Colleague: 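Sharing a structure, written as structure tokens. Questions coming.
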Amino acid sequence: MMTNNSKYRLISLLFICCSLSVSPVWAQYEVLPMPQSISLQQGEPFVLNGDVQILAGEGLQQEAEFLQTYLKDMTDLTLPIALKRAKKVSYIELAVSPKVTEKEGYVLTINKKGVTIVGGSAAGVFYGIQTLRKSLSPDARTLTSATVTDAPRFSWRGMHLDCSRHFFSIAFIKKFLDLLAMHNMNVFHWHLTDDQGWRIEIKKWPKLVTVGSQRSGTIIGTNSDLDDKIPYGGYYTQAQAREIVEYAAARHITVVPEIDMPGHMLAALASYPELGCTGGPYQVGHYWGVYKDVLCVGNEKVYQFVEDVLAEIMDIFPSEVIHIGGDETPTDKWLQCPKCQAVGSPLQAHFTKRVFDFLTSKGRRALGWDEILDGSPQDAMIMSWRGTEPGAKAAETGHDVVMTPTTFCYFDYQQAEDVQFEPSRCGGFIPVEKVYALDPAPDSLSVEAKTHILGAQANLWTEYITNEDMLEYQALPRMSALAEVQWSQPERKDYEAFKQRLTLLTDLFERYGYVYAKHLWPERQIPNRWQF
């Protein structure tokens, strides 16, 4: 018969044996977006622990601090940053080298001795850091010996945010930029003005924010006749906008501002009625959709206004590219306006060229929605939103193009066919799989035209996105699908494998408190929605 002491010794022995046989949790290099090449190597792994230091190469202190923060978030380890190598210390080393020929490319090397991230620039190092960050988890601190060689497919990897229809705080804009950084995106297209609100301070034209940033009510539902009559507004000071530019730049993100013109200008007309064809009166828009009142393109004061606004915008935003809108511009008022008729036609092309020439004289490039394609200067950049066809046409004729078609990239559209439990009232249906299927530069384009496809972005129009949680919900996880479209080569794409990597990435969403749609994970959704 076994005594109690004998039983205790046996249980203890079994526990020790089981403990010794537990395998380490390994880091996962197949992250999102999928790197171009992952080559596993023979040799012992690298174990991340509190004795490891971060070795910051010249000019990479900022990247080292990001890595330090990310590792703290992922593993709860706070690793010191060193500027010089010491003996008998294991490092995660950051460096820039001309051997990495792609500026945004990197090589991540892991072996028993340490980890190195070598980039073609600081941006490349930053993206290598993102891959390392996403490879780890609180339990996964054992890194298989490997070499990850990576670079993006496209140079323009963007996300757009409309802050005119609904206004979002500076704190949230920063959180949104962090999300872009997590997805290796490098352009934040900031839609700052529209019919329903002017959101950026222009000191020469102060009424743009004292009047134009405020509307006296907002339509309820989907363009019904019911108005809530609740005042709504907000704007960013120039100091706040500069703060966002700096925050984005630290994450290798360029902020491209958009001042939409000559249409979508009702908030400006309400502020300065003399800029319109009729002289008003005007009020900041309550309804969504397209308004017939636009800038009077036959009035020289309009061009002074435009140049003053763009001069201040260029002073705030160092981006080479300035978005000038150009979409959905009705001609009704122009046809009835003697000043406009005196200009001749086509009127929008006349206006676009005036604005284009001004920006060009200041060393900047004009980007507009695809409506500006007809009659626009050759160097004008085109953002193709009415499908991919306008973008293909523009690229074949030598224009640089960013693809953002409604059919793939409008993230205010629904994510589910059954909209009963969806928060947005916007129409359309774009599931994650549809986003993933986009190819911004398909083989149907000529070889030359493909060189003019700069990349792709998704747009978040906020007519029906009223708060920050809704915005995150509409963006995620479709933003993750777009990130792989932007970064990875088409032959590397695999939707089923993508879903597995996306599932791992949702751990990061939850760690940072992002709200995301759970259609791909029904078990995570609220059960029995009608019964609580």
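Only a predicted model underlies this, so the values are computations on that prediction, with no experimental measurement involved.
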Colleague: List the atom of S488, the atom of Q36, and the distance in Å for their closest heavy-atom pair.
Modeller: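 Nearest heavy atoms, S488 then Q36: CA-NE2, 3.8 Å.
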Colleague: Per the ring pair (Phe, Tyr, Trp, His ring centres under 6.0 Å) rule, what does the pair list look like for residues 241-279, sequence neighbours excluded?
Modeller: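 Sorted result for residues 241-279: F126-H252, W205-Y272.
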Colleague: Considering residues, nucleotides and ligands other than R386, do more than 12 of their heavy atoms fall under 6.0 Å from its CZ?
Modeller: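 Enclosed.
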Colleague: Can we say K362 and E307 salt-bridge, meaning some charged N sits less than 4.0 Å from an Asp/Glu carboxylate O?
Modeller: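 A salt bridge is absent here (no side-chain N lies under 4.0 Å from a carboxylate O).
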Colleague: Roughly how far apart are L32 CG and M182 CE, rounded to 0.5 Å?
Modeller: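 Going from the CG atom of L32 to the CE atom of M182 covers 11.0 Å.
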Colleague: Quick one: is the NZ or CZ of K175 closer than 6.0 Å to the six-membered ring centre of Y514, and within 45° of its axis?
Modeller: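 Yes, K175 sits over the ring of Y514.
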Colleague: Examine the side chains of Q414 and S424 and answer whether a donor and an acceptor come within less than 3.5 Å of each other.
Modeller: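 Judged by distance alone, the side chains do not pair up.
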Colleague: Side chains of W288 and Q196 only: does a donor on one sit below 3.5 Å from an acceptor on the other?
Modeller: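 Judged by distance alone, the side chains do not pair up.
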Colleague: Would a 4.5 Å heavy-atom cut-off, applied to side chains only, mark Y464 and T222 as touching?
Modeller: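 SC-SC contact between Y464 and T222 confirmed.
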Colleague: I'd like to check N184 versus K134 (side-chain heavy atoms, cut-off strictly below 4.5 Å). Are they in contact?
Modeller: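 Result yes, sub-4.5 Å side-chain heavy-atom pair found.
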Colleague: Under a 3.5 Å threshold, yes or no: a donor from one side chain and an acceptor from the other, between D308 and Q304?
Modeller: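 Yes, because at least one side-chain N or O of D308 sits under 3.5 Å from a partner of the opposite role on Q304.
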Colleague: H166 and Y232: aromatic ring centres closer than 6.0 Å?
Modeller: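 Under 6.0 Å, so yes.
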Colleague: Evaluate H160 against W461 for ring pair (Phe, Tyr, Trp, His ring centres under 6.0 Å), listing each step before the verdict.
Modeller: CA-CA 8 Å; H160 154 287; W461 300 104; 4.2 Å; yes
Colleague: I324 versus V306: any side-chain heavy-atom pair under 4.5 Å?
Modeller: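 No. Closest side-chain heavy atoms not under 4.5 Å.
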Colleague: May I ask you to check whether over 12 heavy atoms, not counting those of K493, lie within 6.0 Å of atom NZ?
Modeller: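 Yes, the 6.0 Å shell around NZ holds more than 12 heavy atoms from other groups.
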Colleague: Side-chain contact test, heavy atoms from C-beta onward, threshold under 4.5 Å: evaluate it for M265 versus W198 and give yes or no.
Modeller: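 The answer is yes, as the side chains (C-beta and beyond) meet within the 4.5 Å cut-off.
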Colleague: At what distance, to the nearest 0.5 angstrom, does CZ of R133 lie from CZ of F66?
Modeller: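 Rounded to the nearest 0.5 Å, the CZ-CZ separation comes to 9.5 Å.
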Colleague: Roughly how far, to the nearest 0.5 Å, is CG of L179 from CZ of F188?
Modeller: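 Spacing of CZ (F188) from CG (L179) equals 11.5 Å.
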Colleague: For the side chain to side chain donor-acceptor pair (under 3.5 Å) test, which of E510, R478, E472, Q474 pairs with Y516?
Modeller: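 Passing option: E510.
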Colleague: Could you list the residues that satisfy salt bridge (Lys or Arg N to Asp or Glu O under 4.0 Å) with E484, not counting sequence neighbours?
Modeller: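 E484 satisfies salt bridge (Lys or Arg N to Asp or Glu O under 4.0 Å) with R501 only.
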Colleague: To check you understand the geometry: which heavy-atom pair defines the closest contact between V125 and I117, and what is its length?
Modeller: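 Nearest heavy atoms, V125 then I117: O-CG2, 3.8 Å.
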Colleague: Would you mind telling me which of T193, I259, L359 makes a side chain to side chain contact (heavy atoms under 4.5 Å, CB included) with I313?
Modeller: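 Single side chain to side chain contact (heavy atoms under 4.5 Å, CB included) partner of I313 among T193, I259, L359: I259.
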Colleague: Do Y410 and T404 come close enough that some side-chain heavy atom pair is under 4.5 Å?
Modeller: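 Side chain of Y410 against side chain of T404, heavy atoms only: contact under 4.5 Å found.
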Colleague: Residues two or more places apart in sequence or in another chain: which of them pass salt bridge (Lys or Arg N to Asp or Glu O under 4.0 Å) with D443?
Modeller: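 Salt bridge (Lys or Arg N to Asp or Glu O under 4.0 Å) list for D443, sorted by chain: K450.
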Colleague: At their closest point, which heavy atom of P390 faces which heavy atom of G387, and how far apart are they?
Modeller: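 Between these two residues, the closest heavy atoms are CD-O, 3.6 Å.
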Colleague: Would you call the rings of F172 and F168 parallel, tilted or perpendicular if under 30° counts as parallel and over 60° as perpendicular?
Modeller: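 Rings of F172 and F168: tilted, 30 to 60°.
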Colleague: For K174, run the salt bridge (charged side-chain N to carboxylate O under 4.0 Å, His left out) check against E243, E246, E468 and tell me which one passes.
Modeller: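 In the set E243, E246, E468, the residue that makes a salt bridge (charged side-chain N to carboxylate O under 4.0 Å, His left out) with K174 is E243.
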Colleague: Which heavy atom in V284 sits nearest to a heavy atom in L266, and how many Å separate them?
Modeller: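 Looking at all heavy atoms of both residues, the closest pair is C-CD2, 4.5 Å.
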Colleague: Heavy-atom distance under 4.5 Å between the side chains of I316 and P257, does that happen here?
Modeller: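 No. Closest side-chain heavy atoms not under 4.5 Å.
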Colleague: Taking salt bridge (Lys or Arg N to Asp or Glu O under 4.0 Å) as the definition, give me every residue that meets it alongside K434, ordered by chain and number, with sequence neighbours left out.
Modeller: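 Per chain and number, K434 pairs via salt bridge (Lys or Arg N to Asp or Glu O under 4.0 Å) with no residue.
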Colleague: Any salt bridge linking R153 with D439? Criterion: basic side-chain nitrogen under 4.0 Å from a carboxylate oxygen.
Modeller: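 Between D439 and R153 there is a salt bridge, with a charged N closer than 4.0 Å to a carboxylate O.
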Colleague: Can you tell me how far apart CD (Q214) and OG (S271) are? Round to the nearest 0.5 Å.
Modeller: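 If we round to the nearest 0.5 Å, Q214:CD and S271:OG are 10.5 Å apart.
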Colleague: Could you check, using the six-membered ring where one of them is a Trp, whether H191 and W369 have ring centers closer than 6.0 angstrom?
Modeller: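 Here the rings of W369 and H191 have centres that are no less than 6.0 Å from each other.
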Colleague: Quick one: closest heavy-atom pair of G325 and I372, and the distance?
Modeller: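 Nearest pair, atom of G325 first, then I372: O-CG2, 3.9 Å.
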Colleague: Could you check whether E312 pairs with K204 (Lys NZ or Arg NE/NH1/NH2 to Asp/Glu carboxylate O, under 4.0 Å)?
Modeller: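 Salt bridge flag = no for K204 with E312.
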Colleague: Just wondering, do M381 and V321 contact through their side chains at under 4.5 Å, heavy atoms?
Modeller: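 Of all side-chain heavy-atom pairs linking M381 with V321, at least one is under 4.5 Å.
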Colleague: Do any pairs count as a salt bridge (charged side-chain N to carboxylate O under 4.0 Å, His left out) and have a residue in residues 190-201, sequence neighbours left out, and if so which ones?
Modeller: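 Applying salt bridge (charged side-chain N to carboxylate O under 4.0 Å, His left out) to every pair that reaches into residues 190-201, excluding sequence neighbours, yields R165-D194.
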Colleague: According to the ring pair (Phe, Tyr, Trp, His ring centres under 6.0 Å) rule, which pairs have a member within residues 324-362, sequence neighbours left out?
Modeller: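 Qualifying pairs: Y303-F351.
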Colleague: In terms of heavy-atom contacts, does NZ of K339 have more than 12 from other residues, nucleotides or ligands at under 6.0 Å?
Modeller: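 It does not: K339 NZ has 12 such atoms or fewer within range.
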Colleague: With heavy-atom distances below 4.5 Å as the criterion, would you say the side chains of M159 and H183 are in contact?
Modeller: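 Side chain of M159 against side chain of H183, heavy atoms only: no contact under 4.5 Å found.
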Colleague: Q378 and T397: which non-hydrogen atoms are nearest, and at how many Å?
Modeller: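 Q378 and T397 have their closest heavy atoms at NE2-O, 2.7 Å.
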